[in-house]
Amino acid sequence: MVTATPNVKLRAMETGTATGPRVRRFTADEAIRMVEAGIVGEDEHFELLDGALVDSDPTTGDEIVRRFSADEAIRLVEAGIIAENEHVELIDGAFVEMSPQGVRHSKALLELGEQLRAVYRGRGHVREQQPLASSSPFSLTEPDVAVVRGRIADYSEHPTGHDAILVVEFAWSSHGIDRRKSATYAEGGVDVYWLVDLKARKLEARTKPQHGIYQLVQVFAEDDSVALPESTERMVVRTLLPKD
């Protein structure tokens, strides 16, 4: 037990062997630094269990995992508790670890960015892996590619889903996370969300968000063409995919 912060109990983290995307775990030292930086209040009663800050429901006694807000996420980076180069995104209050980009993922992202800049020049700008503010205070996603209305100079803060013409995620092994982010984008006002499945070589287009769910999901094969939102142009799915 650490007595530097009386209301914080700290237990040793267990090592895990899980593979793929998972929630980022915090160390005892990081938990103490959160309190010292004022990110977590000294009056908060929690324990660090397996890297998560947990409390118990006073009514049921069930464990409650503390969620972080987008503002707290930014402060954690500013305090150096989460490194700027860490591959994590804040989704529903948890820092989800993202797998490092493979060559195909990176190449597909860059090539799509170039294509979209040509289509939306003068009407919007393309952002690659930059924060997109959510209507939820507990999410701050960084989509692979987003087309946002207006110019970069028009935004003094992160654009929101309502500012986005199109949001695109590329998936090779992260399908579960990218589909989970679908609800965040729908709640945040993103009208059109594309999930490009690099392995299956197909595109899932989600539109008509309502109550946190996209009402229309269309699947396009690599030889199909899909309409670009707020444009008269169409794009063949194959052009979004890396060449074999």
Side-chain angles (χ1 to χ4, degrees), residues 20-26 30-31 33-35 37-41 44 46 51-54 64-101 105 109 113 124-150 152-171 174-196 206 209 211-214:
R22 58 180 182 175
V23 174
R24 184 197 191 279
R25 297 184 297 173
F26 293 97
E30 289 171 336
R33 290 168 63 195
M34 289 180 203
V35 176
I39 298 168
V40 173
E44 291 189 53
F46 67 83
L53 306 182
V54 300
I64 302 173
V65 178
R66 188 192 191 282
R67 296 195 296 170
F68 292 89
S69 68
D71 176 68
E72 289 171 337
I74 293 171
R75 292 171 63 193
L76 284 168
V77 174
E78 292 174 343
I81 297 170
I82 291 180
E84 291 187 4
N85 61 353
E86 283 193 54
H87 295 282
V88 294
E89 289 186 50
L90 184 70
I91 302 176
D92 195 25
F95 293 96
V96 178
E97 295 182 349
M98 311 302 291
S99 299
Q101 285 186 25
H105 188 145
L109 185 158
H125 65 280
V126 176
R127 300 166 65 91
E128 292 153 340
Q129 297 185 323
Q130 296 297 313
L132 189 67
S134 170
S135 58
S136 166
F138 297 105
S139 293
L140 186 62
T141 56
E142 296 183 9
D144 283 331
V145 179
V147 181
V148 176
R149 297 179 184 88
I152 296 175
D154 294 335
Y155 295 89
S156 57
E157 298 181 352
H158 295 315
T160 70
H162 294 285
D163 300 313
I165 298 173
L166 171 67
V167 165
V168 184
E169 297 280 8
F170 289 94
S174 60
H175 303 81
I177 294 298
D178 293 318
R179 290 194 175 95
R180 179 179 171 186
K181 289 165 71 173
S182 173
T184 300
Y185 292 139
E187 290 173 354
V190 175
D191 286 329
V192 183
Y193 170 44
W194 288 0
L195 174 57
V196 182
R206 288 169 163 76
H211 306 303
I213 299 173
Y214 285 105

Within the structure provided, determine whether [X] and [Y] are in side-chain contact (heavy-atom separation under 4.5 Å).
{"X": "E169", "Y": "Y185", "answer": "yes"}
{"X": "L140", "Y": "I74", "answer": "yes"}
{"X": "V168", "Y": "P143", "answer": "no"}
{"X": "F26", "Y": "I82", "answer": "yes"}
{"X": "L132", "Y": "V190", "answer": "yes"}
{"X": "V145", "Y": "V126", "answer": "yes"}
{"X": "R22", "Y": "V96", "answer": "no"}
{"X": "Y214", "Y": "S182", "answer": "yes"}

Exercise. Taking 4.0 angstrom as the limit, do R24 and E97 come out as a salt bridge?
Worked result: no
First locate atom [atom1] of [X], then atom [atom2] of [Y], and finally report the distance between them rounded to the nearest 0.5 Å.
{"X": "E142", "Y": "H158", "atom1": "CD", "atom2": "NE2", "result": "8.0 Å"}
{"X": "F46", "Y": "M34", "atom1": "CZ", "atom2": "CE", "result": "7.5 Å"}
{"X": "E128", "Y": "D144", "atom1": "CD", "atom2": "CG", "result": "9.5 Å"}
{"X": "L76", "Y": "I39", "atom1": "CG", "atom2": "CD1", "result": "4.0 Å"}
{"X": "R149", "Y": "L166", "atom1": "CZ", "atom2": "CG", "result": "10.5 Å"}

Which heavy-atom pair separates [X] from [Y] by the least distance, and what is that distance?
{"X": "E30", "Y": "I81", "result": "OE2-O, 3.4 Å"}
{"X": "A186", "Y": "G212", "result": "CB-C, 3.5 Å"}
{"X": "P131", "Y": "P159", "result": "O-CD, 4.1 Å"}
{"X": "V77", "Y": "E84", "result": "CG1-CG, 3.5 Å"}
{"X": "L90", "Y": "A73", "result": "CD2-CB, 4.0 Å"}
{"X": "S139", "Y": "S134", "result": "O-CB, 3.6 Å"}

